[in-house]
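Every chain is numbered from 1 and lettered A, B, ... according to where its sequence line falls, protein lines coming before strand lines.
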Amino acid sequence: MKIMLKDGSFKEYSEAKSVYEIALDISEGLARMACAGEVDGKVVDLRTVIDKDVTLNIITANDPAALPVIRHTTSHVLAEAVKRLRPDAKVTIGPSIEDGFYYDFLTDPFSREDLDALEAEMKKIIKEGKEISRFTLPREEAIKFMEEKGEPFKVELIKDLPEDAEISFYDQGGFTDLCAGPHLMSTKNIKAFKLISSSMAYWRGKSDREKLQRIYGTAFNKKEELEAHLQKLEDAKMRDHNKLGREMGLFLTADVIGQGLPLFTPKGTKMIMKLQRWIEDLEDNEWGYVRTRTPLMAKSDLYKISGHWDHYMDGMFILNKDAEDGKEVMALRPMTCPFQYYVYMNEQKSYRDLPYRMSETSTLFRNEDSGEMHGLTRVRQFTITEAHIVLTPEQAEEELTRCVDLAHFVMKTLGINGDVTYRLSKWDPNNKAKYEGDENYWNSTQQYLRDVMNKNGIVFTEEDGEAAFYGPKIDIQAKNVYGKEDTMVTIQLDCSAAAKFGMYYIDEQGNKATPWIIHRTSMGCYERTLAWLIEHYAGKFPTWLCPEQVRILTISEKYNEYAEKVKAELKKAGVDVTVDKRSEKIGYKIREARLAKLPYWVIVGEQEQAENLVSVSSRFAGNEGQKPVADFVAQIVDEIKNKTIREEVNE
RNA sequence: GCUAGAAUAGCUCAGCCGGUAGAGCACUUCACUCGUAAUGAAGGGGUCGUCAGUUCGAAUCUGAUUUCUAGCUCCA
């Protein structure tokens, strides 16, 4: 057989050889560094035997592709350490994940001290340099093997494997685990690892199954890479909107007000209002939307028609639920859809009126479980710019494209379009009760959205069980500083609601026809968007979004009057400006202006006052020198108007 | 909702084998009126998240509760 190597050279062997043996044949050093093989583009275990012509790449420890192998092997070392220190613990699964690995055990909770002890034990196991070997067993023997070891979760895993699956085990000198691999050849090849945290996790992710203890860890090729990664985690914490947003005085929470109910300060409110005014004007003036203003609550009857009463009762705040005096049962709205439908139905529509685009800056209420709330990203009351577009089926493709375009434009303007991924959120065919409509409805609407994204060249993933109960969604997702994903913008196709509510339009033949509806956001949730902006910019917002765009620093109190004059000029031009009149040293005032992450600060003193100048400094360019006041006003107004995103200067 | 951890001054934190609280920064006042990262001095500020219990006595021990954090579950 003939093996083509990465550099284009060939190796020929008469008999079958494992990847490791081939690596050894090339050079001993390579074999020492080898972590896995890549056979015809597929990552495989070093023990994989090759018996035909292939292209082979030996993945060494320096290759990022080796990380999952290293991490997975580290998780096995962790499992052995846990079994040594807690023989009664039951093992489950321990995959490598982005940035690390985890392993779930059925045992008592781990404290930080337990994790430290486990780390020490793992170091011992690594030092022991145990050879890792692989073997397979027939199904029945594999089950018996794990039953004898007293590992019920492994038995369950084997039983759930397809009948024809190869059942492989990896043994590291006494500790044996059911595993598909791939793995390193020896535990001693683990050079740098760290146990990060522990927490509870449900077996197979189901809240009615066993409660397991999960340990998260990470591993790298080199100590330096591990250190760098841990440093990155620390740095990410500095950007955390929940900390930074509070420190910057943008929002707060109060125990007595409740969970998931943030209060915005004047600064935070200013930022949200800038976003809101911008998006409302944009939609109304350039994208053909009309604006509605509808109630924040409604009788339960409305939600019974919409389906929320059946599908979403637990998520709603219900008023007068157990009222005995005959008061109507009401609910705070969890969405705006049916309210806008009634606005649509107020006047009979012709096909000429469609697409009919109704938008509303809409406050919604959702009764999240107590453990779900987080900063500004998961809250119980939030505001979105929500629209419902009523249209004919023929118009849907173009209109969906427009919705994607608008969302894209919004994110580009905010400077965060590079942070997002697109997702087609589908129903769960195994849990049909959660959704309305039959298989045919879901397959056709999902295909419709798929086609629209493909035609527009959008790269997207598909996810089952993420759809709304009435239809599939295009979700635009973003990750927070901890890597957790949230939906920023959603565009949903709904071909069933109109009929439920009796919505229609008069078509070209003069007959009543049932429209389709697009549910979509452009700004998504303001709270979440603000959180995202805080983390993306680490608080250094583009000038147009800053609640304080310019601060005037006076050299001494003698120049307060002139400072007020400059302030008035800026205010008149619509700039958010303040004056620091305190009798502090100028260096101290500058330091504070920097700490506040201000885009601009200007210094006024004797010379400036005499010649009508300001000394301009900015986050972006450092000291910009003296400028006539009028020039500075023009500069900043231009920047705000064009929503310019300037590069930061490195200090 | 689940598991674990946490809550002390505006912020960051110390105190904790039980004897009713401390630091730095911030704030106020006075002096200084200053040119691109911290002027000096003095002062004010906390029923130690809340409610119970144990105790002669609780920030410290116990229980409950609220809020926060991580992860799980959930996210129409």
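Within 4.0 Å (heavy atoms only), Lys237(A) reaches no atom of the nucleic acid at all. Note on Tyr102(A): nothing from the nucleic acid sits closer than 4.0 angstrom, heavy atoms only. Within the nucleic acid shown, Ile603(A) comes within 4.0 Å of at least one base atom, counting heavy atoms only. At a threshold of 4.0 angstrom between heavy atoms, the contacts of Gly375(A) are confined to the sugar-phosphate backbone, with no base atom among them. Looking at heavy-atom distances under 4.0 Å, Ala254(A) makes no contact with the nucleic acid at all.
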Every protein N/O within reach of nucleotides 26-31 of chain B N/O, cut-off under 3.5 Å:
residue, atom, partner, partner atom, Å
A26(B), OP1, Tyr588(A), OH, 2.9

Show each protein N/O and nucleotides 1-8 of chain B N/O combination with a separation under 3.5 Å, one pair to a line.
residue, atom, partner, partner atom, Å
G1(B), OP2, Ser370(A), OG, 2.0
G1(B), N7, Gly371(A), N, 3.1
G1(B), O6, Glu372(A), OE2, 3.1
G1(B), N2, Tyr202(A), OH, 3.1
C2(B), O4', Tyr202(A), OH, 3.4

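The side chain of Lys434(A) places an N or O atom within less than 4.0 Å of a non-bridging phosphate oxygen (OP1 or OP2) of C75(B). Put simply, Arg594(A) has a side-chain N or O that comes within less than 4.0 Å of OP1 or OP2 on A37(B). Remark: His374(A) is in phosphate contact with A70(B), judged by side-chain N or O atoms under 4.0 Å from OP1 or OP2. Between Tyr559(A) and U33(B) there is no side-chain polar atom (N or O) within less than 4.0 angstrom of OP1 or OP2.
Side-chain to base pairing of Arg378(A) with C75(B): one donor and one acceptor N or O lie within less than 3.5 Å of each other.
Aromatic pair Phe501(A)/Tyr341(A): ring centres closer than 6.0 Å.
Comparing Thr253(A) and Gly587(A) along RNA chain B, the residue whose closest nucleotide (by nearest heavy atom) sits nearer the 5' end is Gly587(A).
Distance from the side chain of Ser617(A) is smallest to U36(B) among G35(B), U36(B), C72(B). Closest approach to the Lys585(A) side chain among G35(B), C34(B), U33(B) is made by C34(B) (side chain taken as heavy atoms from C-beta onward).
Salt bridge absent: Lys558(A) and Glu606(A) never bring a charged side-chain N and a carboxylate O closer than 4.0 Å. Salt-bridge formation is not detected for the pair Lys473(A)/Glu466(A): no Lys NZ or Arg NE/NH1/NH2 atom is positioned less than 4.0 Å from an Asp or Glu carboxylate oxygen. The residues Glu372(A) and Arg366(A) are annotated as not salt-bridged, no charged nitrogen and carboxylate oxygen being separated by less than 4.0 angstrom. Classification of Arg86(A) and Asp88(A) as a salt-bridged pair fails, no side-chain N sitting under 4.0 Å from a carboxylate O.
Looking only at atom types and distance, the side chain of Gln259(A) has no donor-acceptor partner in the side chain of Ser370(A) under 3.5 Å away. For the residue pair Glu360(A) and Thr294(A), a side-chain donor N or O sits within less than 3.5 Å of a side-chain acceptor on the partner. In this model, a donor atom of one side chain and an acceptor atom of the other lie less than 3.5 Å apart for Ser362(A) and Arg333(A).
Taking atom P in both A26(B) and G10(B), the straight-line distance is 16 Å, to the nearest Å.
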**Stepwise salt bridge (charged side-chain N to carboxylate O under 4.0 Å, His left out) test for Arg528(A) and Asp486(A)** = CA-CA 9 Å; Arg528(A) 208 174 259 189; Asp486(A) 274 312; 3.8 Å; yes
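Across all strands shown, G71(B) is found opposite C2(B) as a Watson-Crick or G-U wobble partner, with both distances under 3.5 Å.
Rounded to an integer number of Å, the gap from NZ of Lys589(A) to C1' of G35(B) is 11 Å. Put simply, CD on Glu247(A) is 10 Å from P on C11(B), counting in whole angstrom units. For Arg246(A) and U12(B), the CZ to P distance is 10 Å, given to the nearest whole Å. Separating the CG atom of Leu261(A) from the P atom of U66(B) is a distance of 15 Å, rounded to the nearest angstrom. Per the geometry, CD belonging to Glu608(A) stands 13 Å off P belonging to C34(B), to the nearest Å.
Residue Met297(A) qualifies as open at atom CE: its count of foreign heavy atoms under 6.0 Å is 12 or below.
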